[in-house]
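None of the values given here were measured: they were computed from a predicted structure.
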Amino acid sequence: MADIGFTKKSFQLLKEIHDNNNREWYHENKDDLKEHLLQPFAEMLETVSTKLKNAKLPCSGSKQTMFRLPRDVRFSHDKRPYKEHIGGLLTPSGNKNQDSALLYAHLSAEGGFLAAGFYCLDTKVLNLIRDRIIEEPKQFTKVAKKMQRAGFEFDPIDPLKSMPRGYSDYAEHEHVFYLKMRSLVVKQPQTKEAWLDGSIVKRLVAMHKASVDFLLFGLEAIGDSR
């Protein structure tokens with residue numbers, strides 16, 4: 001197991017920021033948040049990056065691909081000033097580029113989750129993946145089954161209730177379930193123990209291995225739009 005620095009204090013801080021989501025608590029505990037949460041999370045991303053360096057689709061992440069704890073509340077009804085979780089990406093570019101294939105790690109007081117796929121793409125880009133699913137249904141079945149055999153299922157995040165605009169002719173398509181998705185993402189919940197014992201690294205690598213053919217399927221579909 002990788003020793004990446006998460007401790008019981010890490011989860012205590014996540015609980016405390018939930019109970020004390022205010023600027024006073026945040027600034028009083030900023031050093032502890034850095035030591036017990038932000039630095040171990042960055043180290044976890046860098047460790048996974050090293051293990052994926054020679055993969056079929058190398059993906060990398062670091063401190064620069066993590067999301068900031070302070071929230072932008074200007075246009076939100078939720079005025080809590082800070083996030084109550086730690087999140088970060090591994091992407092083919094190594095940048096915090098959310099309009100591409102990605103691996104995402106989410107650490108919360110309960111444990112969190114890992115995810116892989118294409119999240120909230122621009123409709124024009126998402127349609128390129130939809131088109132390839134329609135044109136190559138057998139290949140899509142193959143990559144989807146590979147993930148399912150490894151224990152990863154697509155998460156139906158806010159799917160469309162009806163067919164997307166321009167796709168009404170495919171309402172009976174064998175992959176209509178996926179054509180209605182706004183995001184094509186597999187997701188797996190994680191326990192606290194996975195972070196504490198460092199096995200979260202192994203789990204992220206396993207998710208990448210299971211989803212890499214699907215990620216390539218999508219990237220090849222949208223390649224001409226880049």
Spell out, as yes or no, whether a donor-acceptor pair under 3.5 Å connects the side chain of [X] to the backbone of [Y].
X	Y	result
Asp72	Arg74	yes
Lys83	Arg71	no
Ser10	Phe6	no
Ser183	Ile157	no
Arg132	Phe217	yes
His208	Leu57	yes
Asn22	Trp25	yes
Thr191	Gly111	no
Arg68	Tyr82	no

Would you sort out whether Glu174 and Thr141 count as a side-chain contact (heavy atoms from CB on, under 4.5 Å), showing the intermediate values? CA-CA 10 Å; Glu174 62 184 290; Thr141 297; 4.0 Å; yes

Please name the pair of heavy atoms, one in [X] and one in [Y], separated by the smallest distance, quoted to 0.1 Å.
X	Y	value
Gly94	Ser60	CA-OG, 3.3 Å
Glu110	Lys192	O-CG, 4.0 Å
Ala101	Pro92	O-CD, 3.3 Å

Would [X] end up clustered with [Y] when hydrophobic side chains under 4.5 Å apart are linked, directly or stepwise?
X	Y	result
Leu204	Leu89	no
Val205	Leu216	yes
Leu69	Val73	no
Val201	Leu45	yes
Val185	Val212	no

Side chains of [X] and [Y] only: does a donor on one sit below 3.5 Å from an acceptor on the other?
X	Y	result
Arg203	Gln188	no
Gln12	Glu16	yes
Asn21	Glu84	yes
Asp131	Tyr167	yes

Under a 4.5 Å cut-off applied to non-hydrogen side-chain atoms, are [X] and [Y] in contact?
X	Y	value
Met163	Leu179	yes
Leu126	Leu184	yes
Leu107	Phe11	yes
Pro159	Phe177	no
Leu14	Leu37	yes
Val186	Glu153	no
Val48	Leu52	yes
Leu128	Lys124	no

Quick check on [X]: does its [atom1] atom have over 12 non-hydrogen neighbours (other residues, nucleotides or ligands) under 6.0 Å away?
X	atom1	result
Tyr170	OH	no
Lys180	NZ	yes
Lys9	NZ	yes
Lys79	NZ	yes

Which value, rounded to the nearest 0.5 Å, describes the distance between [X] atom [atom1] and [Y] atom [atom2]?
X	Y	atom1	atom2	result
Lys146	Lys209	NZ	NZ	8.0 Å
Met66	Leu38	CE	CG	5.0 Å
His173	Arg130	NE2	CZ	13.0 Å
Gln190	Met207	CD	CE	7.0 Å
Ile4	Ile200	CD1	CD1	7.5 Å
His36	Ile86	NE2	CD1	13.0 Å

Candidate pair Lys96 and Phe67, rule side-chain contact (heavy atoms from CB on, under 4.5 Å), full reasoning: CA-CA 9 Å; Lys96 195 160 58 178; Phe67 296 100; 3.7 Å; yes

Parallel, tilted or perpendicular, as decided by the 30° and 60° cut-offs, for the rings of Trp195 and Phe41: parallel

Parallel, tilted or perpendicular: which describes the rings of Phe214 and Phe154, with under 30° parallel and over 60° perpendicular?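 Judged by the thresholds at 30° and 60°, the geometry between Phe214 and Phe154 is perpendicular.
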
Decide side-chain contact (heavy atoms from CB on, under 4.5 Å) for Leu33 and Tyr26; before the verdict, give the C-alpha distance in whole Å, the side-chain angles of both, and the deciding distance to 0.1 Å. CA-CA 8 Å; Leu33 289 168; Tyr26 177 80; 3.7 Å; yes

For this output row, return yes or no: ring centroids of Phe140 and His175 closer than 6.0 angstrom. yes

Only one of Lys142, Lys56, Lys145 clears salt bridge (charged side-chain N to carboxylate O under 4.0 Å, His left out) with Asp213; which?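 Answer to the salt bridge (charged side-chain N to carboxylate O under 4.0 Å, His left out) test with Asp213 among Lys142, Lys56, Lys145: Lys56.
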
Can we say Asp78 and Arg80 salt-bridge, meaning some charged N sits less than 4.0 Å from an Asp/Glu carboxylate O? yes

side-chain contact (heavy atoms from CB on, under 4.5 Å) evaluation trace for Thr65 with Leu90: CA-CA 7 Å; Thr65 62; Leu90 295 108; 5.9 Å; no

